[in-house]
Amino acid sequence: METNTTPGKGWHITLWIAQALLALGFFASGWGKMIWPMEQINAQVPWASAVPEYLMRFIGVSEVLGAVGLILPALTRIRPGLTILSAGGLALIMALAAGFHLFRTEYFMILYNIVYFAFAIFIVWGRMVKRPIQPR
């Protein structure tokens, strides 16, 4: 009797939903950090005045590129391993952000970091172990 060891379609769909939600969140956050004037960012982001403008812009670019990396390589199946690297990079950003907010005693922000970190690690695990995307 042969058993099917291939993970079901449910994992594939769940991972795509996680990728889409995480990409949407990071893209929206990063886009604002990239293009909004610093005065507007400072008014909306409590910690923005604690970092120089170039760091804020770098974080924004990193988040947007990470969001694109979550979707584009997996969707096109061209170098889909980049999706795993993007998720890992975004997890690292969230770990660093949690440390920053802990240092500043902004505990309410750490929950956001933990949720995004968990989504990113779930995608890393899912695309490495449970349901990898095969390249073309």
Side-chain angles (χ1 to χ4, degrees):
M1 182 169 149
E2 188 176 317
T3 60
N4 185 2
T5 59
T6 304
K9 197 172 192 173
W11 276 109
H12 186 65
I13 293 168
T14 301
L15 284 163
W16 267 113
I17 291 170
Q19 285 172 239
L21 289 173
L22 193 63
L24 183 63
F26 272 111
F27 190 87
S29 173
W31 188 257
K33 291 172 187 151
M34 278 179 22
I35 67 164
W36 291 347
M38 279 306 292
E39 296 78 26
Q40 186 176 356
I41 296 172
N42 287 336
Q44 295 183 359
V45 180
W47 54 269
S49 61
V51 299
E53 182 175 355
Y54 71 87
L55 181 57
M56 182 63 70
R57 303 300 184 193
F58 176 75
I59 292 168
V61 169
S62 299
E63 289 177 348
V64 167
L65 291 176
V68 171
L70 285 174
I71 302 298
L72 197 57
L75 188 63
T76 62
R77 293 186 343 188
I78 297 171
R79 299 189 53 111
L82 292 175
T83 294
I84 296 165
L85 291 176
S86 293
L90 292 171
L92 177 61
I93 290 173
M94 288 298 99
L96 294 171
F100 173 79
H101 293 302
L102 184 63
F103 178 75
R104 290 178 43 90
T105 65
E106 296 171 335
Y107 303 118
F108 62 95
M109 293 296 297
I110 295 173
L111 180 60
Y112 161 84
N113 300 137
I114 290 170
V115 169
Y116 273 55
F117 177 85
F119 262 82
I121 292 300
F122 173 71
I123 293 166
V124 169
W125 170 79
R127 290 303 181 198
M128 284 181 72
V129 176
K130 202 65 176 169
R131 190 65 189 231
I133 293 178
Q134 298 302 317
R136 287 183 178 197

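On a predicted model such as this, the values are computed, not experimentally measured, just so you know.
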Let me have the donor-acceptor pairs involving side chains of residues 89-97, under 3.5 Å, with sequence neighbours excluded, atom names and distances please.
none

Less than 3.5 Å apart, which donor and acceptor atoms pair up between the side chains of residues 71-81 and the rest of the protein, not counting sequence neighbours?
| residue | atom | partner | partner atom | Å |
| --- | --- | --- | --- | --- |
| T76 | OG1 | L72 | O | 2.9 |
| T76 | OG1 | I78 | N | 3.2 |

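In the hydrophobic clustering of this structure, I59 groups with L65; members are Ile, Leu, Val, Met, Phe, Trp, Tyr whose side-chain heavy atoms approach within less than 4.5 Å, directly or through other members. Under the 4.5 Å side-chain contact rule for hydrophobic residues, L24 and L70 do not share a cluster. Hydrophobic clustering, with ILVMFWY side chains joined whenever heavy atoms are under 4.5 angstrom apart, keeps V68 apart from V61. Note: the hydrophobic cluster containing I114 does not contain L22 (ILVMFWY, side chain heavy atoms under 4.5 Å, direct or indirect links). Residues F26 and I121 share a single hydrophobic cluster, defined by chaining ILVMFWY side chains whose heavy atoms lie under 4.5 Å apart.
Judged as a salt bridge (charged side-chain N to carboxylate O under 4.0 Å, His left out), not a single pair has a partner in residues 113-122 (not counting sequence neighbours). For residues 108-126, there are no side-chain hydrogen bond (donor to acceptor under 3.5 Å, both in side chains) pairs, not counting sequence neighbours. Counting only residues at least two apart or on different chains, the salt bridge (charged side-chain N to carboxylate O under 4.0 Å, His left out) pairs with a member in residues 96-122 are R104-E106. Under the ring pair (Phe, Tyr, Trp, His ring centres under 6.0 Å) criterion, the residue pairs touching residues 92-111 are W47-F100, W47-H101, with sequence neighbours excluded. Residue pairs meeting the side-chain hydrogen bond (donor to acceptor under 3.5 Å, both in side chains) criterion with at least one member in residues 56-66, sequence neighbours excluded, are S29-E63, K33-E63, E53-R57.
With sequence neighbours left out, the side-chain contact (heavy atoms from CB on, under 4.5 Å) criterion links I84 to V124, R127, M128. Applying the side-chain contact (heavy atoms from CB on, under 4.5 Å) rule to I13 yields the partners K9, I17; only residues at least two apart in sequence or on another chain are considered. For W31, the ring pair (Phe, Tyr, Trp, His ring centres under 6.0 Å) partners are F27, not counting sequence neighbours. Scanning for side-chain contact (heavy atoms from CB on, under 4.5 Å) contacts around A48 gives I41, N42, V45, M56, with sequence neighbours left out. Taking Q44 as the reference, W36, Q40 meet the side-chain contact (heavy atoms from CB on, under 4.5 Å) condition, with sequence neighbours excluded.
Counting heavy atoms from C-beta outward, W16 and I133 have side chains that approach closer than 4.5 Å.
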